[in-house]
Amino acid sequence: MTYMDKMHKYGRIWALITCGVILAFPFVLAIIFGAWPDFLTFLNALYPIAITFWTVGIIEVITYTPMLGVGGTYLGFVTGNLSSLKVPCALDSMEKAEVKADSEEGEVISTISIATSSIVTIIIIAVGVALISVLMPVLESDILAPAFDNVLPALFGGLGVVYISRYFKIAILPICVMLLLFIFVPLLDSGTVGVMIPVSMVITLIYARYLYKRGKV
Amino acid sequence: MTFSANHPIIFIIVGVIIGIVVAQSVFFLVKAYKRGLELGIARSTLNATIKRSALFTIAPAVAIFMGLVSLVNLLGVALPWLRLSVIGAVTYELPAALQAAESMGISSVSYTDLTAQQFVTIVFVMTFGIAASLIMAPITCKKITGGMLKVKDKDKKWMDVLMTSMFVGMLSAFLGFIVCDLGFVNGEAGVEFHYQLEYWIPVFVMAISAAIMAVCGILIKKLNWKWLNDYALPLSMIGSMALSIPVTMIIT
């Protein structure tokens with residue numbers, strides 16, 4: 001059995017365990033407190049949420065699995081925050097380790113990176129929860145608000161300069177298209193970025209294929 | 001049992017679930033580390049990856065914790081702790097919780113006023129409303145990664161371009177997102193045109209982050225400061241986040 005086959009096997013076993021405990025959580029609470037939701041109320045609330053987030057979820061699986069690799073996929077979709085943390089973290093690690101994403105070395109580095117990032121995130125949140133009464137007044141202060149409002153610009157500014165300068169030929173068209181769309185289409189706001197990621201990827205892939213066929217990349 | 005959204009039993013259950021997820025992460029970390037050594041990757045490279053990823057994670061993780069803080073007044077501490085440690089992002093969790101509350105006729109959610117049935121209903125909606133990727137990923141992973149291997153076998157060079165393009169596509173969408181408050185925006189009175197300086201703040205923060213990264217790149221190349229490689233991205237992130245405070249103060 002190859003390393004990849006083993007990772008799929010372990011990944012599925014872990015997925016059964018983690019899916020099981022996460023999905024069992026509401027049932028356990030209902031049993032403990034002796035309180036079950038009214039079924040129709042539950043369906044009414046679930047329907048609009050499921051329509052949106054199941055669609056987004058399925059798109060995310062198709063979009064991110066190739067970038068995360070085998071180990072990263074089994075882990076990343078449990079621990080979440082893919083586009084704002086796990087994917088950039090894994091790509092930065094592969095870049096610095098000078099390995100390619102489609103190689104087994106890339107798979108190993110990506111998995112180590114995502115696992116570490118997941119553990120560190122969980123530790124930071126757990127420490128925050130333990131100290132929440134002390135931290136809440138500080139973190140909710142107006143002075144610090146701009147710093148936490150701008151995490152994504154801070155992340156993608158640093159990453160952007162590296163990737164745009166390196167892959168300028170591929171990046172220039174999708175960046176211009178996305179900037180124009182987000183500036184001129186009022187419908188596109190911070191809530192629609194999840195939908196626009198696959199759109200942007202498709203545009204980039206078509207353009208990259210065009211450049212590749214002409215031997216320009 | 002008397003219900004409270006911050007009941008110790010909920011904390012214990014949440015702690016156990018998070019513990020299982022940590023165990024999964026450690027398991028994959030150890031497996032990948034061992035395989036890395038077998039493949040001949042230097043131990044120093046593997047250790048540097050761990051250190052780099054940990055550093056990279058600090059600022060975004062604090063931001064995720066901020067999301068938790070924003071949910072505490074609505075749902076108590078234990079439930080947001082679970083949802084934001086596994087799967088969730090506050091952009092998913094908050095609408096799910098509010099939708100569940102609305103369907104029960106609750107207009108203003110506060111965990112101190114919630115009955116056990118209302119709280120459990122919210123937990124059911126959040127859990128099953130945001131479960132697609134959790135369930136789908138293990139089902140489709142082998143098929144998708146297998147498909148990628150086939151592309152690689154057929155044309156290795158195109159595979160490299162394809163992987164790069166996917167990330168560049170994601171990056172482009174986020175660059176668009178950063179300017180989403182500029183230009184034509186849906187406001188309270190219909191479509192508005194935003195050009196004022198306050199809407200440029202995310203763009204300025206992005207530019208500062210890019211500038212710090214560029215300076216680090218120059219220092220690494222010109223002065224051969226290779227050690228800076230590990231810190232360049234965390235430095236540009238934390239530096240630009242810190243500078244966003246005076247930038248915002250000056251503009252607003």
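Remember, predicted model here, so these are calculated numbers, not experimental data. Every chain is numbered from 1, with letters handed out A, B, ... down the list of sequences.
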Enquirer: Measure distances from B:Lys157 to the heavy atoms of chain A and classify the residue's part below 4.5 Å as side chain, backbone, both or neither.
Expert: both
Enquirer: Less than 4.5 Å to any heavy atom of chain A: does that hold for the side chain of B:Met148, its backbone, both, or neither?
Expert: side chain
Enquirer: Where on A:Leu135 is there a heavy atom nearer than 4.5 Å to chain B: the side chain, the backbone, both, or neither?
Expert: side chain
Enquirer: Which of the residues B:Ile122, B:Asp155, B:Thr140, B:Val22 is involved in the greatest number of heavy-atom pairs with chain A at under 4.5 angstrom?
Expert: B:Asp155
Enquirer: Tell me which one of B:Leu134, B:Leu82, B:Ile135 satisfies side chain to side chain contact (heavy atoms under 4.5 Å, CB included) with A:Ile22.
Expert: B:Leu134
Enquirer: In terms of heavy-atom proximity below 4.5 Å to chain B, should A:Tyr212 be classed as side chain, backbone, both, or neither?
Expert: side chain
Enquirer: Taking side chain as everything from C-beta outward and backbone as N, CA, C, O, which of these in B:Ile9 sits under 4.5 Å from a heavy atom of chain A? Side chain, backbone, both or neither.
Expert: side chain
Enquirer: Quick check on side chain to side chain contact (heavy atoms under 4.5 Å, CB included): which of A:Leu68, A:Val61, A:Thr73 does B:Cys141 satisfy it with?
Expert: A:Thr73
Enquirer: Side chain, backbone, both or neither: which part of A:Tyr167 has a heavy atom under 4.5 Å from chain B?
Expert: side chain
Enquirer: With chain A as the partner, which of B:Gln117, B:Met136, B:Lys142 has the greatest number of non-hydrogen pairs under 4.5 Å?
Expert: B:Lys142
Enquirer: If you count heavy-atom pairs within less than 4.5 Å of chain A, which of B:Val179, B:Thr2, B:Thr45 leads?
Expert: B:Val179
Enquirer: Give, as side chain, backbone, both or neither, the part of B:Ala42 having an atom under 4.5 angstrom from any heavy atom of chain A.
Expert: neither
Enquirer: Measure up the B:Phe128 and A:Phe27 rings against each other and bin them: parallel (under 30°), tilted (30 to 60°), perpendicular (over 60°).
Expert: perpendicular
Enquirer: Is A:Lys100 paired with B:Asp160 through a side-chain N to carboxylate O contact shorter than 4.0 Å?
Expert: yes
Enquirer: Is it the backbone or the side chain of A:Glu105 that comes under 4.5 Å from a heavy atom of chain B, or both, or neither?
Expert: both
Enquirer: Is it the side chain or the backbone of B:Phe193 that comes within 4.5 Å of chain A heavy atoms, both, or neither?
Expert: neither
Enquirer: Could you pull out all residues at least two apart from B:Asp181 that satisfy salt bridge (charged side-chain N to carboxylate O under 4.0 Å, His left out)?
Expert: none
Enquirer: Taking the six-membered ring where the residue is Trp, are the ring centres of B:Phe167 and A:Tyr163 under 6.0 Å apart?
Expert: yes
Enquirer: Need one label for B:His7: side chain, backbone, both or neither, based on atoms under 4.5 Å from any heavy atom in chain A.
Expert: side chain
Enquirer: Is A:Val199 in contact with chain B via its backbone, its side chain, both, or neither, using a 4.5 Å heavy-atom distance?
Expert: neither
Enquirer: Could you tell me which non-hydrogen atom of A:Ser83 sits nearest to which non-hydrogen atom of B:Phe174, and how far apart they are?
Expert: OG-CZ, 3.4 Å
Enquirer: Where does the angle between the aromatic ring planes of A:Trp14 and B:Phe27 fall among parallel (under 30°), tilted (30 to 60°) and perpendicular (over 60°)?
Expert: tilted
Enquirer: Just so I understand: if I count every heavy-atom pair under 4.5 Å between each of B:Ser236, B:Ala48, B:Pro202 and chain A, which residue has the most?
Expert: B:Pro202
Enquirer: For B:Ala132 and A:Phe53, which heavy atoms make the closest approach, and how far apart are they?
Expert: CB-O, 4.2 Å
Enquirer: Checking heavy atoms, do the side chain of B:Leu149, its backbone, both or neither come under 4.5 Å from chain A?
Expert: neither
Enquirer: Report the option among B:Met170, B:Met213, B:Met163, B:Met1 that has the most heavy-atom pairs separated by less than 4.5 Å from atoms of chain A.
Expert: B:Met170
Enquirer: Against chain A, label B:Val125 side chain, backbone, both or neither, depending on which of its atoms sit under 4.5 Å from a heavy atom there.
Expert: both
Enquirer: So which residue, A:Arg12, A:Met196, A:Lys86, A:Glu107, ends up with the most heavy-atom pairs under 4.5 Å with chain B?
Expert: A:Arg12
Enquirer: Can you see whether B:Thr57 engages A:Ser117 through a side-chain donor-acceptor pair at a distance of less than 3.5 angstrom?
Expert: yes
Enquirer: Which distance, rounded to the nearest 0.5 Å, do you find between the OG1 of A:Thr111 and the NZ of B:Lys31?
Expert: 12.5 Å
Enquirer: Would you say B:Ser53 and A:Ser113 are linked by a side-chain donor-acceptor pair, where the criterion is simply a distance under 3.5 Å?
Expert: yes
Enquirer: For the atom pair CD1 (A:Ile197) and CE (B:Met166), what is the distance rounded to the nearest 0.5 Å?
Expert: 11.0 Å
Enquirer: Given heavy-atom pairs under 4.5 angstrom as the criterion, report whether the side chain, backbone, both or neither of B:Leu175 touches chain A.
Expert: both
Enquirer: Which bit of A:Val202 is near chain B, if near means a heavy-atom gap under 4.5 Å: side chain, backbone, both or neither?
Expert: neither
Enquirer: Is there a side-chain hydrogen bond (donor to acceptor under 3.5 Å, both in side chains) between B:Ser103 and A:Thr41? Walk through the geometry before answering.
Expert: CA-CA 6 Å; B:Ser103 71; A:Thr41 312; 6.0 Å; no
Enquirer: Which answer fits B:Thr164, side chain, backbone, both or neither, if we ask what part of it has an atom under 4.5 Å from a heavy atom of chain A?
Expert: side chain
Enquirer: Which bit of B:Ser70 is near chain A, if near means a heavy-atom gap under 4.5 Å: side chain, backbone, both or neither?
Expert: neither
Enquirer: Which atoms of A:Ile203 come close to chain B, meaning under 4.5 Å heavy atom to heavy atom: side chain ones, backbone ones, both, or neither?
Expert: neither
Enquirer: Is A:Ala24 in contact with chain B via its backbone, its side chain, both, or neither, using a 4.5 Å heavy-atom distance?
Expert: neither
Enquirer: Considering only NZ, NE, NH1 and NH2 on the basic side and carboxylate oxygens on the acidic side, decide whether A:Glu104 and B:Arg35 come within less than 4.0 Å.
Expert: yes
Enquirer: If you count every heavy atom of other residues, nucleotides or ligands that lies below 6.0 Å from B:Lys34 atom NZ, does the total exceed 12?
Expert: no
Enquirer: Below 4.5 Å from any heavy atom of chain B, which atoms of A:Pro48 appear? Answer side chain, backbone, both or neither.
Expert: side chain
Enquirer: Given a strict heavy-atom distance threshold of 4.5 Å, which part of A:Ile17 is in contact with chain B: side chain, backbone, both, or neither?
Expert: side chain
Enquirer: Quick one: what part of B:Leu233 sits under 4.5 Å from any heavy atom of chain A, side chain, backbone, both or neither?
Expert: side chain
Enquirer: Select one option (side chain, backbone, both, neither) describing which atoms of B:Ile212 are under 4.5 Å from chain A's heavy atoms.
Expert: neither
Enquirer: Between A:Pro198 and chain B, with a heavy-atom cut-off of 4.5 Å, which part of the residue counts as in contact: side chain, backbone, both or neither?
Expert: neither
Enquirer: Please classify the contact between A:Val78 and chain B as side chain, backbone, both or neither, with a heavy-atom cut-off of under 4.5 Å.
Expert: both
Enquirer: Heavy-atom cut-off 4.5 Å, strictly under: side chain, backbone, both or neither for A:Thr79 against chain B?
Expert: both
Enquirer: Heavy-atom cut-off 4.5 Å, strictly under: side chain, backbone, both or neither for B:Val191 against chain A?
Expert: side chain
Enquirer: Could you tell me which of B:Leu46, B:Ile245, B:Ile208 has the largest number of non-hydrogen atom pairs under 4.5 Å with chain A?
Expert: B:Ile245
